[in-house]
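Data first, discussion second: the structure below is written as structure tokens.
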Amino acid sequence: MREPSLGPARILLPTVPLGQWCVIACDQFTSRPDYWREAAAAAGDGPSALGMICPECRLLEENPPAPEKAAEEIARAMEAALAGGALRPAAGGMIYLERTLPSGKVRRGLMAALDLERFDPRPGSRTPVRATEEVVEERVPMRLAIRRRAPLELPHAMMLMDDPGHTVLGPLSAAIGEMDLEYTGALMLGGGSVRGWSLTTEQQDDVLEALGRLAEKSPMELGVGDGNHSLAAARRYWEEVRRELPEAEWEDCPARYALVEAVNLWDPALEFEPVHRIVTGVSPDLFLEDLKRELGAGLLPREEGQELRYLTAGMEGRLWVREPVSPLPARTLQTFLDRYQKRNPGCRVDYIHGAEELERLAEAEDAVGFLMPPIPKEELFPMVLAGGPLPRKTFSMGEARDKRYYLECRSLRP
């Protein structure tokens, strides 16, 4: 049986209420600074994961924080949490969790350590753990700077298992009475709630065996569902450490691993949503004329082209691209947007979760929004195996508030 890419970790858990500690993934609500102000109010003055991350919303400010300065502030907050008793060790090396989403559905997951030797996000990689979306280079430096300085990691990465038989998490959901409850509570700002249990030694062995059986079935053992950029930064940091480290010490080095949540692609509560685009700082009419001219898009019959749906203030329109650069509308549009931004550095492209949020943002006079189609989740693994990572921000595992909240921690020190 193949050895799985996931294993036990020395997990640390907060001793403060989850509503104060847990904060949503840093790449959410990037166009909503008001959300992050509300998060700061909910966290209050006590220990919180909010002080240990850099919301990407801050990177879009007029004077964004420098990576090294942000990393220093975050490291100090982590040291204070450790010194002040805000964290305690979990009873076991793996945690089974149930996240009740805002919709009321329950998504199941497993906290474990990912071996970064088995993950390489670079194009053409054939590692057992694959990136599902392309890495945007400008999103890596901040994460890498934080990783270099941090005594802790707080994960928002979610890995996908292709497990239609529910062999890994199914037995755990039926046996929570045999486990120790580690945490339970509501999440801030309408994020639902979460409960987590430490696995027994026997359950952990059974999970590792089930993961090993899954690993034998496909060259793609796991796919990165959320957290592509954070894991790319973790991999690069491990490569830096590895160059200076004797090979005999690799296996026990904390930098070799990343704490992640693994979820089953076939979980009924896991829903794929499209990630929409908003372009601001443009004249909508002139922007759309450029798009039509460059892509050869126009009012063609649907069967003659690839559909692009757009929104401007008070109007929704549809264009069809006669000869798209890709079967994926996201790649066709992204190819144009990348070129357009190089010619027009004053414009900004952001990635939006939820059609209602996009409609709100597209009401601005200098904005054009694009409604992207969903990708069926059962097609994700075959698509990545056949063609490599999808374009950046092609899909989202649920709406914004369905995303993982920072909760569990792991020490990055030996």
Side-chain angles (χ1 to χ4, degrees), residues 1-9 92-101 103-115 118-119 126-133 155 157-179 194-227 231 258-273 374-387 389-390 395-398 402-404:
M1 184 177 67
R2 234 168 93 183
E3 185 176 348
S5 298
L6 296 175
M94 291 182 170
I95 290 177
Y96 167 72
L97 63 99
E98 294 185 348
R99 167 79 183 279
T100 300
L101 303 172
S103 66
K105 295 181 179 179
V106 178
R107 186 180 67 210
R108 295 162 175 82
L110 175 76
M111 296 303 301
L114 173 70
D115 186 352
R118 295 167 176 261
F119 170 68
R126 292 294 180 265
T127 49
V129 183
R130 308 276 178 97
T132 57
E133 294 181 337
M158 296 177 67
M159 312 303 296
L160 291 169
M161 304 178 288
D162 188 6
D163 186 17
H166 302 272
T167 61
V168 177
L169 299 180
L172 298 178
S173 65
I176 56 176
E178 303 170 17
M179 295 181 270
V194 65
R195 298 186 297 170
W197 299 263
S198 277
L199 274 63
T200 65
T201 301
E202 183 179 353
Q203 287 170 331
Q204 186 170 290
D205 290 342
D206 290 344
V207 162
L208 292 173
E209 184 176 344
L211 288 168
R213 288 195 298 269
L214 278 184
E216 290 181 333
K217 294 181 179 180
S218 169
M220 182 173 167
E221 178 185 345
L222 296 167
V224 184
D226 272 337
L231 289 177
L259 191 61
V260 298
E261 179 185 350
V263 299
N264 187 4
L265 184 68
W266 301 95
D267 188 327
L270 180 63
E271 298 177 349
F272 275 22
E273 301 286 347
I375 288 182
K377 64 180 184 179
E378 62 272 14
E379 295 181 12
L380 178 64
F381 274 50
M383 290 173 74
V384 174
L385 281 168
L390 306 180
F395 71 96
S396 171
M397 299 200 306
D402 297 340
K403 297 297 181 178
R404 178 165 175 78

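Note that the structure is predicted; figures quoted are calculated from it, not measured. This chain uses plain numbering: 1 for the first residue, then up along the sequence.
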(Q) If the threshold is 4.0 Å, N to carboxylate O, is there a salt bridge linking R99 and E261? (A)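 Result for this pair is no, no salt bridge flagged.
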Q.
I'd like to know if R195 and E98 make a salt bridge, using a cut-off of under 4.0 Å between side-chain N and carboxylate O.
A.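 Result for this pair is yes, salt bridge flagged.
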Taking atom [atom1] of [X] and atom [atom2] of [Y], what is their separation to the nearest 0.5 Å?
X	Y	atom1	atom2	answer
R130	L222	CZ	CG	11.0 Å
Q204	I95	CD	CD1	11.0 Å
L160	M220	CG	CE	7.5 Å
D267	R107	CG	CZ	8.0 Å
R108	L172	CZ	CG	11.0 Å
L199	L110	CG	CG	6.5 Å

Considering all heavy atoms of both residues, which atom of [X] and which atom of [Y] are nearest to each other, and what is their separation?
X	Y	answer
Y96	S173	OH-CB, 3.0 Å
F381	E221	CE2-O, 4.5 Å
L390	L380	CD1-CD1, 3.8 Å
N264	L169	N-CD1, 4.2 Å
R2	P128	NH2-CB, 3.5 Å

Q) Would one find more than 12 heavy atoms of other residues, nucleotides or ligands at under 6.0 Å from atom CD of E202? A) no
Q. Should we say atom CD of E379 is surrounded by more than 12 heavy atoms from elsewhere, each under 6.0 Å from it?
A. yes
Please check: side-chain N/O of [X] versus main-chain N/O of [Y], any donor-acceptor pairing under 3.5 Å?
X	Y	result
E178	T200	no
K377	L265	yes
R404	P155	yes
D226	M397	no

